Amino acid sequence: MEIQLQNFTPAEQATFRLRALYEQAGYRKYRCSRFEEYALYQEYRRFLSDAQVVTFTDLDGKLRAIKPDVTLSIAKTAQPAPGACKRFYYNEEVCRPSRESHTFQTIRQMGLECMGAVDAAAQAEVVRLALQSLAALEVPTVLEVSHMGFVTGLLDALAVPESARGRLLELLNEKNAHELHAAARAEGLDEDAADALCNLLTLHGPLGATLTAAKAACRSEVQQAALEELQALQNLLGEDGRGTQLDLSMADEMEYYNGLVFTGYVAGVPRAVLKGGRYDYLMQRFTPGANAIGFAIYLDELERLAAQTGDAVTGTEPVWLNIALPKGRLGDKAYKLLAEAGYRANEDYNDTRKLVVENPEAGVRYFLVKPSDVAIYVEHGAADIGIVGKDILTESDADVYELLDTGMGKCRMCVAGPKNFVDDESRALRVATKFVNIARDHYERRGRDIDIIKLNGSIELAPILGLSDVIVDIVETGTTLRENNLTVIEEFMPISARFIANKASYKFKYQQMTELLNKMKEALAQ
């Protein structure tokens, strides 16, 4: 009986195609044990995406863990001889914490590792296989490459303190130029250095053109070496590399990767489906002198393609921007701004019971959602872009790009309490708030022990009735506080409406988003 691939799910089809691709390229299958000794993950936890793992005591009394990572196990056992290069591919399940459900989940991965004497040709081969892996999915895809050396070289050249680098890299990965500049200045960098960091965000686009632009931004030999390596990669890929994008602001997982990094996206899937790069530091912990490069494809993400058919998959459908707006005054202000920028809908959403209104000529669709849900819709790809308050964005910790501070709805996050409040540091501070994550993070940075009391309304009532010592809440005018004999003790976060984008949508709809963003900026300047 002939097997028809179309009868399988997208993830199952990918498994068949990728196995054939990797074996034809000379990679042999690596079979992992489902469990590892927990000590391995304790020792190398800085190389894990999350230090939390599921552990159990085995029948021999040893503490073991359900595998949270495949690469670590392969690197431990590969042991390539000097001058040799070992090539493996795998199809395995790992167990990691889920950001959405806050429980552990099983994740299906398929990928490959090249370990040992990894030269420029071997590196290009792995990137070529990553490109071919995406092409095997038979839907529109994008592969972005970057190089950790370009970012670290700039940080070194600017003498950025080690203590500041984590926060600055976080803002880079969010493409948050407005806060990046302010944070750089707050850390003592001068205007030129802050501008140099923000300029990284402009080094994004086709590989060849962006390499040319990046050469003018070099400030160190390390950066120059990174660009030379990327240029060599482009030369070795040749026509196979056509369409590859370069994003030199991509600098996540710097503990793990040390050189070339790359990320793959699939149209219709809201987050990256492929991640990879050089991880020489990890490899050399097990085999001195050896290098390594590899990537993993997240098969579970591909199941989202099963719900897509026809034009949505082939990419021939007109490009729409789906925009999530918060209900209420902020949503009305945001829509007014977008309308002034030339993106008015064909009907007023306040005068219709429709859940979605649109403007086919401008290529935009609007839908109103609860303010606390905007970031969720964007993160999960139901909306490409959205307008959301910084308070909600920070509290949700949504994995999105923050592209613009609109300046609308300005207020501030504050600690407030009775006018005569004196902090008793001999006990835990009782804090009432609906912003649990923001409050916890604020006091953790100060090293203050707190007990959080989560409330959903009338937060000011908590200290009045003795339920809490203080509150953490948004303050706009302070009138409610004054009328209840409360006062602001500390302001620690400016709040305003931010323009956010889904990370995958940003790759496929970059031109449309950039045009809309620029028109919004023009409307704000008027």
Side-chain angles (χ1 to χ4, degrees), residues 174 176-179 321-345 347-359 362 364-380 382-398 400-414 433-438 455-460 472-481 491-502 505 513 516-526:
E174 292 173 1
N176 188 341
H178 45 282
E179 289 189 19
L321 284 179
N322 299 303
I323 307 174
L325 296 178
K327 293 179 180 179
R329 287 185 301 168
L330 179 57
D332 291 338
K333 289 181 180 179
Y335 175 73
K336 182 175 182 293
L337 175 64
L338 286 159
E340 291 172 352
Y343 293 89
R344 186 182 303 276
E347 55 187 315
D348 188 343
Y349 59 75
N350 286 318
D351 294 334
T352 179
R353 296 183 67 85
K354 290 182 180 179
L355 299 177
V356 178
V357 295
E358 59 188 36
N359 181 340
V364 293
R365 294 190 182 107
Y366 293 100
F367 50 93
L368 290 176
V369 299
K370 189 175 180 181
S372 58
D373 292 340
V374 171
I376 297 171
Y377 274 85
V378 175
E379 179 180 16
H380 290 269
D384 300 310
I385 54 182
I387 305 290
V388 63
K390 181 65 175 180
D391 53 324
I392 293 171
L393 183 59
T394 304
E395 180 67 18
S396 67
D397 192 29
V400 296
Y401 289 142
E402 183 181 331
L403 301 177
L404 177 68
D405 181 356
T406 68
M408 297 185 298
K410 284 188 176 180
C411 49
R412 63 240 195 242
M413 188 70 68
C414 298
T433 185
K434 63 180 177 181
F435 300 102
V436 172
N437 295 328
I438 290 174
L455 297 176
N456 295 307
S458 301
I459 307 294
E460 295 85 0
V472 169
D473 201 12
I474 293 172
V475 175
E476 188 170 0
T477 65
T479 302
T480 303
L481 293 177
E491 296 181 12
F492 64 91
M493 180 191 294
I495 306 294
S496 57
R498 309 300 168 94
F499 180 94
I500 61 174
N502 174 268
S505 296
M513 285 190 190
L516 183 147
L517 191 60
N518 289 336
K519 289 181 178 179
M520 282 182 63
K521 291 177 180 177
E522 292 174 3
L524 284 168
Q526 293 176 358

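All heavy atoms count here, side chains included; hydrogens, waters and symmetry mates do not. Everything quoted here is computed from the prediction, not taken from an experiment. Note that the numbering runs from 1 along the sequence shown for the chain.
- The side-chain contact (heavy atoms from CB on, under 4.5 Å) test applied to N359 returns N346, E361, A362, V364, not counting sequence neighbours.
- Partners of E522 by side-chain contact (heavy atoms from CB on, under 4.5 Å), not counting sequence neighbours: none found.
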Throw together a table of side-chain donor-acceptor distances under 3.5 angstrom for residues 366-380, partners on residues two or more places apart or in other chains.
residue: Y366; atom: OH; partner: Y343; partner atom: O; Å: 2.6
residue: E379; atom: OE2; partner: R99; partner atom: NH1; Å: 2.5
residue: E379; atom: OE2; partner: D399; partner atom: N; Å: 3.3

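- By the 4.5 Å heavy-atom criterion applied to side chains, V472 and F492 are counted as neighbours.
- Applying the side chain to side chain contact (heavy atoms under 4.5 Å, CB included) test between L325 and each of I387, I385, D332 identifies I387 as the sole match.
- Annotation: side chain of Y401 is not in contact with side chain of N176 (no heavy-atom distance under 4.5 Å).
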Taking it one step at a time, do K410 and E476 satisfy salt bridge (charged side-chain N to carboxylate O under 4.0 Å, His left out)? CA-CA 7 Å; K410 284 188 176 180; E476 188 170 0; over 6 Å; no

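- When the side-chain contact (heavy atoms from CB on, under 4.5 Å) test is applied to T479, the partners found at least two apart in sequence or on another chain are T477, R482, E483.
- Contact annotation: the side chain of I438 approaches that of M413 to within less than 4.5 Å [non-hydrogen atoms, C-beta and beyond].
- Screening residues 382-392 for salt bridge (Lys or Arg N to Asp or Glu O under 4.0 Å), with sequence neighbours left out, gives E179-K390, D384-K509, K390-E402.
- Counting non-hydrogen atoms of other residues, nucleotides and ligands closer than 6.0 Å to NZ of K519 gives a total above 12.
- With sequence neighbours left out, the side-chain contact (heavy atoms from CB on, under 4.5 Å) criterion links C414 to R412, V475, V488, E491.
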